[in-house]
Amino acid sequence: MMTISTAGGPVPRLPLSRERILHAAVALADGSGSESLSMRKLGEAVGVEAMSLYHHVDSKDDLLDGMIDVVFSEIDLPSGEDWKTAMRQRAISARRVLSRHGWAIGFMESRTSPGPATLRHHDAVIGCLRDAGFSIELAAHAFSVLDSYIYGFALQERSLPFATPGHTAGLPQATLARFPAEEYPHLAELTAEHVLQPGYDYSNEFEFELDLILDGLERTGDRTAK
C-alpha cells in the first residue's frame, strides 16, 4: 500500500475503491455542480491519475449511475405499520437529501442502470404501499405523484431567487414596486398578506402540500376498497 510521509512518519494512503471514488464525485458535484465534474478533477480529489479511475468506474455514465445510487442510499426507507407516516417521513427525508445534493434532482429517475440502493429504495416504497392494501394500479399512481411532487418542489425551491427567509422581505417589495397593485390586485394581496408577513418561509409549504396528497391518496384508497 502506498504511503504519504509526514513529520510524524508515514501515513497509509486510503486504497482506491469504487465507493471512495463515488463519494468524492458526489462531494465535487455538491460544490460545483455535476456539469463541471471531470475525471481529471475527480482524480485530483482522490490523489490519482484520471486513468486509474477506470479500474473502478467504466465510464462517465457509470460514474453518474453510482453517484445517484449514493444519493438514494441517504434517503430513509419507509418503515412502520402506518403507510401515511412512512410515506411522509420518506418524502421529508428525500427533500432533505436533495437540498444537500441539488445537482441530482434531474437525474433521480433518469438512470437506465440503477444501482442497488436505488432499486432497494423503490422496492421499499412500492412494498409499503402494497402492504397497506394499495392495488398495483393505485400504488403506481401514488409512487408517481409523490415523486413528482418531491422532485418538483425540490427543483422549484432550488431555483427561487432568495436563499433564506430573510431574503424574502426585500424581494416582494421590489416586485410590488415594478407591478402596481391596481393592475395585479391578487398578486399584490398574496404578497402583502402572506409572503411579507413575519416568519414566512416558503419551505413550510412542503409538508402542508404533502399532507394534501397523502390525504387524497387515502380517500382514493378508501373509495376503491368499497
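None of the values given here were measured: they were computed from a predicted structure.
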Practice task
Carefully, step by step, assess Ser203 and Arg95 under the rule side-chain contact (heavy atoms from CB on, under 4.5 Å).
Solution key: CA-CA 10 Å; Ser203 65; Arg95 180 196 168 212; 2.8 Å; yes
Handout entry: Test log, rule salt bridge (charged side-chain N to carboxylate O under 4.0 Å, His left out), inputs Arg88 and Asp82
Key = CA-CA 10 Å; Arg88 193 176 196 275; Asp82 178 25; over 6 Å; no
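To the nearest 0.5 Å, atom OG of residue Ser113 and atom CD1 of residue Ile68 are 13.0 Å apart. Distance CG/Leu64 to OG/Ser59: 9.5 Å, rounded to 0.5 Å. Once rounded to the nearest 0.5 Å, the distance linking CZ of Phe208 with CG of Leu210 reads 11.5 Å. A distance of 10.0 Å separates CZ of Arg158 from CG of Leu98, quoted to the nearest 0.5 Å.
Nearest heavy-atom pair, Ala124 versus Pro78, reported as atom, atom and distance to 0.1 Å: O-CG, 3.6 Å.
With contacts defined as side-chain heavy-atom distances shorter than 4.5 Å, the pair Val125/Met87 qualifies. In this structure, Val26 and Arg100 have side chains that are not in contact, with every pair of non-hydrogen atoms separated by 4.5 Å or more. Ile75 has its side chain within reach of Met108: a pair of non-hydrogen atoms, C-beta onward, lies under 4.5 Å apart. The shortest side-chain heavy-atom distance between Glu81 and Asp131 does not fall under the 4.5 Å cut-off. Side-chain contact check for Phe72 versus Leu119: every heavy-atom pair is 4.5 Å or farther apart. Between Asp76 and Ile92 there is no side-chain heavy-atom pair separated by less than 4.5 Å. The shortest distance between side-chain heavy atoms of Thr191 and Tyr184 does not fall below 4.5 Å.
With sequence neighbours left out, Asp123 forms a side-chain contact (heavy atoms from CB on, under 4.5 Å) with no residue at all. Asp215 is linked by a salt bridge (charged side-chain N to carboxylate O under 4.0 Å, His left out) to Lys84, counting only residues two or more places apart in sequence or in another chain. Residues passing the side-chain contact (heavy atoms from CB on, under 4.5 Å) test with Ser135 are Glu137, Leu138, sequence neighbours excluded. Not counting sequence neighbours, Glu19 has no partner by the salt bridge (charged side-chain N to carboxylate O under 4.0 Å, His left out) test. For Arg111, the salt bridge (charged side-chain N to carboxylate O under 4.0 Å, His left out) criterion is met by Asp61, Asp65, not counting sequence neighbours. With sequence neighbours excluded, the residues satisfying side-chain contact (heavy atoms from CB on, under 4.5 Å) with Ser110 are Phe107. In this structure Arg130 satisfies the salt bridge (charged side-chain N to carboxylate O under 4.0 Å, His left out) test with no other residue, sequence neighbours excluded. Applying the side-chain contact (heavy atoms from CB on, under 4.5 Å) criterion to Ala142, with sequence neighbours excluded, gives Leu129, Phe134, Leu217.
Put simply, the side chain of Ser159 gets close to the backbone of Leu155: a donor and an acceptor are under 3.5 Å apart. Put simply, the side chain of Lys41 gets close to the backbone of Ser36: a donor and an acceptor are under 3.5 Å apart.
His101 and Glu74 are linked by a side-chain donor-acceptor pair at a separation below 3.5 angstrom, with hydrogens and angles left out of the test.
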With a cut-off of 3.5 Å and sequence neighbours excluded, list every side-chain donor-acceptor pair involving residues 145-154.
from, atom 1, to, atom 2, distance (Å)
Asp147, OD1, Arg90, NH1, 3.0
Asp147, OD1, Arg90, NH2, 2.7
Ser148, OG, Ser144, O, 2.8
Tyr149, OH, Phe206, O, 2.8
Tyr149, OH, Glu209, OE1, 3.0
Tyr151, OH, Glu109, OE2, 2.7

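The stretch residues 42-55 participates, sequence neighbours left out, in these side chain to side chain donor-acceptor pair (under 3.5 Å) pairs: Arg40-Glu44. The salt bridge (Lys or Arg N to Asp or Glu O under 4.0 Å) contacts involving residues 30-39 comprise nothing, where partners must be two or more places apart or lie in separate chains.
The side chain to side chain contact (heavy atoms under 4.5 Å, CB included) with Val48 is formed by just one residue from the set Ile21, Leu53, Leu42; it is Leu53.
Through direct or indirect side-chain contacts shorter than 4.5 Å among Ile, Leu, Val, Met, Phe, Trp and Tyr, Leu190 is connected to no other residue.
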